[in-house]
K.L.:
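Starting off with a structure, shown below.
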Amino acid sequence: MNGTPVTPVPRRSHYEEVTEQLKTQILQGRLKAGDRLPSTKEMSERFGVSRSVTREALSALKAMGLIEIRQGGACRVIGRGEAGAAAAADASGTQGLSPAALPLDRSALAHMLEARSMLEVSNAALAAAKRTDADLERLREALADMEHAAAGGADADEADLRFHMALARAGQNPVLLRVFESIAMPLHAAIAGTRREPAAGPAVQERSSSEGISRQLLEEHTAIYEAVASCDQDRAVQQMRLHLEHMEAFLTDG
């Protein structure tokens, strides 16, 4: 990445833009397999974003199978596309769970939701027990962006993903984190695709329904955050289960 130009990104698109710029450099061959990325601090300064934003972007790239994150935070490019994803899965001991290997159609949604439920309930409980101040800051940043999106009728899928990634990291369990990262991107792609399918009825009714869903999701994520912040494991599990039940009902109805 040395000498490769990057563009500072505005706050509303920070996570997505950082991920996209780095992904483009890898896919176009400007960053090659084996190249080591600069430190999180250096990349944050180049992009003009916080370190937590850079870490979330790197986690997304790892879930795509494009980079590996070693102990201590050092990052190295491992491939481009499916070959990189397969290599990442083999290296992590989660073969068969790579983003390239998971289908994104509706027939796989029930299995993905089942896997998500098992992981995220555990993540919520662990996060409530082990979260740090830095973890809470990442969760608050994602919530703020979700609130901003809900207020403006915008898409909050990216902020939603960041919230759940931050929650998984807050559990301080590297095995659960690695498995969750392996399914997080394809899972949210499937959910986003399902939510964006054309709905019957007038456009105004569809928009009103979308805004109502965004507000409900914000309330549910806020409840999860409050339970984690107060170190209430039972409540964190309860709120996560409630959120997942609502999401499953919404995605599978009709």
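Just so it is clear, the structure is predicted and the values come from calculations on it, not from any experiment.
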K.L.:
Nearest 0.5 Å, please: how far is OG in Ser59 from CZ in Phe180?
P.N.:
10.5 Å
K.L.:
Are any non-hydrogen side-chain atoms of Ile78 and Leu66 less than 4.5 angstrom apart?
P.N.:
no
K.L.:
Side-chain donor-acceptor pair under 3.5 Å between Ser52 and Glu137, yes or no?
P.N.:
no
K.L.:
Between atom OG1 of Thr54 and atom NZ of Lys41, what is the distance when rounded to the nearest 0.5 Å?
P.N.:
11.5 Å
K.L.:
Closest approach of Ser50 and Glu141, non-hydrogen atoms and distance?
P.N.:
OG-OE2, 4.0 Å
K.L.:
Any idea which heavy atoms bring Gln233 and Ala125 closest together, and the distance?
P.N.:
NE2-O, 3.1 Å
K.L.:
Does Glu220 have more than 12 heavy atoms from other residues, nucleotides or ligands lying within 6.0 Å of its CD?
P.N.:
yes
K.L.:
Roughly how far, to the nearest 0.5 Å, is the CG atom of Leu27 from the CD atom of Glu20?
P.N.:
8.5 Å
K.L.:
Would you kindly say whether Arg55 and Ser44 are connected by a side-chain donor-acceptor distance under 3.5 Å?
P.N.:
no
K.L.:
What's the verdict on side-chain contact (heavy atoms from CB on, under 4.5 Å) for Tyr225 and Leu167, showing C-alpha distance, side-chain angles and the deciding distance?
P.N.:
CA-CA 9 Å; Tyr225 166 79; Leu167 192 71; over 6 Å; no
K.L.:
If only atom types and distance count, is the side chain of Arg51 paired as donor or acceptor with the main-chain N or O of Thr40 below 3.5 Å?
P.N.:
no
K.L.:
Say you draw a straight line from CG of Leu126 to CG of Leu177; how long is it, rounded to the nearest 0.5 Å?
P.N.:
11.5 Å
K.L.:
Mind checking whether Ile26 and Lys32 have side chains closer than 4.5 Å, heavy atoms only?
P.N.:
no
K.L.:
Find out whether His243 and His164 are in side-chain contact, i.e. whether some heavy atom of one side chain is under 4.5 Å from a heavy atom of the other.
P.N.:
yes
K.L.:
Are Glu147 and Leu143 side-chain neighbours, meaning at least one heavy-atom pair lies under 4.5 Å?
P.N.:
no
K.L.:
Could you check whether any side-chain heavy atom of Leu113 comes within less than 4.5 Å of a side-chain heavy atom of Leu244, counting everything from C-beta outward?
P.N.:
no
K.L.:
Is there side-chain contact between Leu37 and Leu58, with heavy atoms separated by less than 4.5 Å?
P.N.:
yes
K.L.:
Where do Arg116 and Glu114 land on the salt bridge (Lys or Arg N to Asp or Glu O under 4.0 Å) test, with the steps shown first?
P.N.:
CA-CA 5 Å; Arg116 176 192 187 184; Glu114 185 176 49; over 6 Å; no
K.L.:
For residues Arg235 and Ala223, report the shortest heavy-atom separation together with the two atoms involved.
P.N.:
NH2-O, 4.2 Å
K.L.:
Take Leu217 and His221 through the side-chain contact (heavy atoms from CB on, under 4.5 Å) test and state the conclusion after the steps.
P.N.:
CA-CA 6 Å; Leu217 290 176; His221 284 82; 4.3 Å; yes
K.L.:
Quick check: do Ile69 and Ile67 have side-chain heavy atoms less than 4.5 Å from each other?
P.N.:
yes
K.L.:
Hey, what do you get for CD (Glu219) to CD1 (Ile224), rounding to the nearest 0.5 Å?
P.N.:
12.5 Å
K.L.:
Are the side chains of Phe47 and Leu22 in touch, meaning some heavy atoms are under 4.5 Å apart?
P.N.:
yes
K.L.:
Is Glu120 salt-bridged to Arg241, going by a charged N under 4.0 Å from an acidic O?
P.N.:
no
K.L.:
Do Gln21 and Gln25 have side-chain N/O donor and acceptor atoms under 3.5 Å apart?
P.N.:
no
K.L.:
So, applying salt bridge (charged side-chain N to carboxylate O under 4.0 Å, His left out) with Glu68, which one of Arg178, Arg36, Arg76 is it?
P.N.:
Arg76
K.L.:
Please enumerate all residues that pass side chain to side chain contact (heavy atoms under 4.5 Å, CB included) together with Ala134, with sequence neighbours excluded.
P.N.:
Thr132, Arg138
K.L.:
Between Lys130 (side chain) and Ala127 (backbone), is there a donor-acceptor pair under 3.5 Å?
P.N.:
no
K.L.:
Nearest heavy-atom pair of Cys231 and Arg131: which atoms, and what distance?
P.N.:
SG-NE, 3.5 Å
K.L.:
Once you round to the nearest 0.5 Å, how far does CD of Glu226 lie from CG of Leu139?
P.N.:
12.0 Å
K.L.:
Which pair of heavy atoms, one from Ala159 and one from Met146, lies closest together, and at what distance?
P.N.:
CB-CG, 3.4 Å
K.L.:
Decide yes or no on side-chain contact (heavy atoms from CB on, under 4.5 Å) for Thr24 and Arg30, but give the supporting numbers first.
P.N.:
CA-CA 8 Å; Thr24 298; Arg30 285 180 282 165; 3.7 Å; yes
K.L.:
Does Ala142 offer a backbone N or O that forms a donor-acceptor pair with the side chain of Asp145 under 3.5 Å?
P.N.:
no
K.L.:
Which of these passes side chain to side chain donor-acceptor pair (under 3.5 Å) with Asp135: Arg140, Gln172, Arg169?
P.N.:
Gln172
